[in-house]
Structure formats: structure tokens, C-alpha cells
Amino acid sequence: MSRCLTLLSVFFLVTSMVTFPATASEWRILAQFDDAPEGLVPDGEGGFYVSLFHSGHVMQVASDGTVEQIADLRTVIGSAKGSTVGIDWDGADKLYVAFSEYSKRFPWPAKAELSIEACGDATVTRSGLYAVTLSTGAVEPVVTRADGYPFCFPDDPVIASDGSIYLSDLSLQAIWKIDPKEKTAVLWSKDPLFSPGDKSLSGYPVGVNGIALAADESALYGVTGGIPMLVKVPIKADGSAGKAEMLTFGYDNMDGLEIDSEGNFYLTETLRSEVWKVSPDARKREQLGNPLQAPLGAPASLAFGKEDICVTNLNFFKHLPEDKANSIACRKLGAPLW
């Protein structure tokens, strides 16, 4: 017995002397702004186009973190208060940017429970989709509430190969389909799966947020905020929306979504400030970042760099200190776990 105790004492002495290096964050800050970044899309040169949430500015960030303003939505929307949200690039000379004007009568998003009421405010006319011409910096409306379309909180645009644009509407809990040439829109899907009803698990009565197209454009995927999950909406042969289906759940208020060349999904959670990778069959997942180990604060949009994945830190819930807020954070993708 005494020999066992002696050996045990030696074991604890040796192990107590072993030191393990602290886990360094794999995330780094690429760029910072004077406003919270929200939308993010690659610029084809190793950098990104970025929308700034409050100011309405559209920026370009080079791969070395250099920042340049390329457009200002205020030249069209004036002093309207609202959120400059998702952004997408057509690969040529056009960026498309979503803007959601706030209602003075029903202050969403300041009061989450008023999101639907704010949609009914007829004085709100600026919410919609805007186009930025990169070569000139000119901004023009594509479709807005002023055209008679009942946009509620237009959020994330995704451009299809035929030039049409899918646009999620967070508070309407729906997805629009827009023809930018004709400047028309149709309500493409308002599937019941998008709506949390009166049982929002996240505390926010919102629907689909970030969206992304399958590589073959056979489906549109989205993440939802009220009852957080990853959903699939089949695209029928005639272009209409099929019935939505849930692929995975078990998250909190979800925001951003991207799909890589292997079909893996990348998701952001705003309340817990987490970034996740989900396998194509939605049966496996890997946490890529959390606020305890990385400079993440309510990460919103995601985009792929040359070897990195990057997110905009919207910092909606003030998880980040000022010296790390209003930023884009990136990390190497690394070897896959599956």
C-alpha cells in the first residue's frame, strides 16, 4: 500500500511539472472601421467588399487590411435611419446591397417584439435592394418600398447565375426573388418553417437571415433566427420554391451562411458569438470559433478569402472591447475533420 502511495505521489509530482502551451487564437483581425461591418463578399482579388451597418458606407478591404470607401448609400437614402445589411457582387461591375429603414412609430430592432408592427408603417419607403456601380461609385435603387413592395427587413441578397437575385426578409420571414434588369420583385417563399410563431427560442420573432445557393442551384439554403436552424428550400424546374425542410438545429440566433466547394455549410451565431462548420449531410459539425478564444462579437456575414474564412463582427451585443470591435476577423481553414 505504501509503495502504491509513493508511486502515486511521484506521478502527481511529475504531471504537476508538465506545462502545456496555452491555446492561441487562430483568428486575427484583418481590418477595423469607424462603424460596425455587416455584409461581406470576396472581391476576386483576395480582399472583400463590406457594408457598414449604420453609416450606409460600402468599403473595399485589400488582403493586407487596407480599407477604402467605394460608395455611400446616403447619396440615395438621405438621412433615413436603418441598417445597411447583406451584400453580393455579380463578378463584374455591380454590387447589390440590402437596406432596412427603421420605423419611428415601432422602433425595431431596438424593441424586438415590434418587428412585425414596424413592417406596417407606410412612412417607411427606403427599405429594399440597392445597386452600386463599382466603376463610378454611383448608387441606385433596384426595388424598394417606394415601388409598392412590402419589404419588411430586407437582409441578405444572393445572385443566381441567370442574374436574378434572392433576398431574405428577416422580419417578414420570407424570401424575395428580384429581377434587377426589370426592377421587379416577387415573394418567392414564405414557408411556415421560417416563422417562429409565438414560440421564438432565441427571443427574436424573426425568420430567415443568411442565405446561400447550392452549387448546381437546385436549392437555396438559409439560416433562421427565431427558431434557429439550417433549412433547405428546393428550387423547382420552373424556378418556383419547393417546400422547405429542416437540415439541422441546436443553435442560437443565427445570422450568416456560406457554402464551400465541398458542400460544407458555415454558420454564424450572434448571441453566443460562435462560428460553425457543418458537413454536407448536416450530421457532423465543428466549432471554428467562440468568444473565449477568438476576437468574435456577434459575427454576422461570412466570406472565403484565398486560404481563410472571414466574418464581420457586428458586435450587436457588445461582446468585444472597443479595441477589437467594428472589425473583420479571419482564420485559416485548416485540415477538415471529415
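Because the structure is a prediction, the values reported are computed rather than measured. Numbers here are sequence positions counted from 1.
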Indicate if [X] and [Y] have the same hydrophobic cluster label, given that clusters are the connected sets of ILVMFWY residues with side-chain heavy-atom separations under 4.5 angstrom.
{"X": "I175", "Y": "L193", "result": "yes"}
{"X": "L201", "Y": "L271", "result": "no"}
{"X": "F316", "Y": "L170", "result": "yes"}
{"X": "I70", "Y": "I77", "result": "yes"}
{"X": "F194", "Y": "Y166", "result": "yes"}

If I compare all heavy atoms of [X] with all of [Y], which pair ends up nearest, and what's the gap?
{"X": "S127", "Y": "C152", "value": "OG-O, 4.3 Å"}
{"X": "A241", "Y": "V233", "value": "CB-CG1, 3.9 Å"}
{"X": "M59", "Y": "V67", "value": "CE-CG1, 3.5 Å"}
{"X": "R145", "Y": "C119", "value": "NH1-O, 3.0 Å"}
{"X": "L296", "Y": "G289", "value": "CD1-C, 3.5 Å"}
{"X": "A298", "Y": "S273", "value": "N-OG, 2.8 Å"}

Can you confirm whether [X] sits close enough to [Y] that some side-chain heavy atom of one is under 4.5 Å from a side-chain heavy atom of the other?
{"X": "V58", "Y": "V50", "value": "no"}
{"X": "L302", "Y": "L40", "value": "no"}
{"X": "W27", "Y": "V311", "value": "yes"}
{"X": "V223", "Y": "P228", "value": "no"}
{"X": "Y102", "Y": "S83", "value": "yes"}
{"X": "F48", "Y": "C310", "value": "yes"}
{"X": "V97", "Y": "V132", "value": "yes"}
{"X": "I328", "Y": "F33", "value": "yes"}

(request) Please assess Q287 against E274 for the test side chain to side chain contact (heavy atoms under 4.5 Å, CB included), listing each intermediate value before the final yes or no. (result) CA-CA 7 Å; Q287 189 181 79; E274 295 174 346; 3.4 Å; yes
(message) Between S195 and Q173, do the side chains contain a donor N or O and an acceptor N or O under 3.5 Å apart?
(response) yes
(message) Could you tell me if T123 and R105 have a donor-acceptor pair between their side chains, going purely by distance under 3.5 Å?
(response) yes
Exam field: side chain [X] to backbone [Y], donor-acceptor pair closer than 3.5 Å:
{"X": "S51", "Y": "V85", "answer": "yes"}
{"X": "T133", "Y": "G137", "answer": "no"}
{"X": "N315", "Y": "A325", "answer": "no"}
{"X": "E101", "Y": "T125", "answer": "yes"}
{"X": "D93", "Y": "S135", "answer": "yes"}

(message) Test of understanding: with side chain to side chain donor-acceptor pair (under 3.5 Å), list the residues that count as partners of D72, not counting sequence neighbours.
(response) none
(message) Please enumerate all residues that pass side chain to side chain donor-acceptor pair (under 3.5 Å) together with T136, with sequence neighbours excluded.
(response) none
Among residues at least two apart in sequence or on other chains, which ones pass side chain to side chain contact (heavy atoms under 4.5 Å, CB included) with [X]?
{"X": "P280", "value": "N264, W338"}
{"X": "V76", "value": "Y130, V139, P141"}
{"X": "D35", "value": "L52, H54, S55"}
{"X": "D64", "value": "A62, T66"}

(message) Through direct or indirect side-chain contacts below 4.5 angstrom among Ile, Leu, Val, Met, Phe, Trp and Tyr, which residues connect to Y96?
(response) L129, V142, V143, Y149, F151, I159, I165, L167, L172, W176, I178, L187
(request) Please collect all side-chain hydrogen bond (donor to acceptor under 3.5 Å, both in side chains) contacts where either partner lies in residues 179-191, sequence neighbours excluded, each pair once. (result) E140-K183
(request) Enumerate the residue pairs fulfilling side-chain hydrogen bond (donor to acceptor under 3.5 Å, both in side chains) with a member in residues 210-230, sequence neighbours excluded, ordered by first and then second residue. (result) S161-E217, D216-S218
Determine all donor-acceptor pairs shorter than 3.5 Å in which one atom belongs to a side chain in residues 205-214; sequence neighbours excluded.
none

[X] side, atom [atom1]; [Y] side, atom [atom2] - distance, nearest 0.5 Å:
{"X": "N313", "Y": "E38", "atom1": "CG", "atom2": "CD", "answer": "11.5 Å"}
{"X": "H57", "Y": "Q69", "atom1": "NE2", "atom2": "CD", "answer": "4.5 Å"}
{"X": "D156", "Y": "S301", "atom1": "CG", "atom2": "OG", "answer": "6.0 Å"}
{"X": "S200", "Y": "I227", "atom1": "OG", "atom2": "CD1", "answer": "7.0 Å"}

(message) Suppose the criterion is salt bridge (Lys or Arg N to Asp or Glu O under 4.0 Å): which pairs have a residue in residues 303-317, not counting sequence neighbours?
(response) R28-D308, E307-K332, D308-K332
(request) Walk me through it: do F265 and K277 pass the test side chain to side chain contact (heavy atoms under 4.5 Å, CB included)? (result) CA-CA 6 Å; F265 303 97; K277 177 181 178 181; over 6 Å; no
(message) Tell me if the NZ atom of K284 is crowded by more than 12 foreign heavy atoms within 6.0 Å.
(response) yes
(request) Evaluate side chain to side chain contact (heavy atoms under 4.5 Å, CB included) for T84 paired with F53, printing each intermediate quantity in order. (result) CA-CA 5 Å; T84 308; F53 196 64; 5.8 Å; no
(message) Does E322 form a side chain to side chain contact (heavy atoms under 4.5 Å, CB included) with Q32? I'd like the steps, not just the answer.
(response) CA-CA 10 Å; E322 288 188 8; Q32 287 186 278; over 6 Å; no
Please output the side-chain donor-acceptor pairs of residues 244-259 that fall under 3.5 Å, not counting sequence neighbours, one pair per line with the distance.
residue	atom	partner	partner atom	Å
N253	ND2	T270	OG1	2.9

(message) Exactly one of L267, T268, T312 should register a side-chain contact (heavy atoms from CB on, under 4.5 Å) with P299. Which one does?
(response) T268
(message) Whether R331 and E26 form a salt bridge (side-chain N of Lys/Arg under 4.0 Å from carboxylate O of Asp/Glu) is what I want to check.
(response) yes
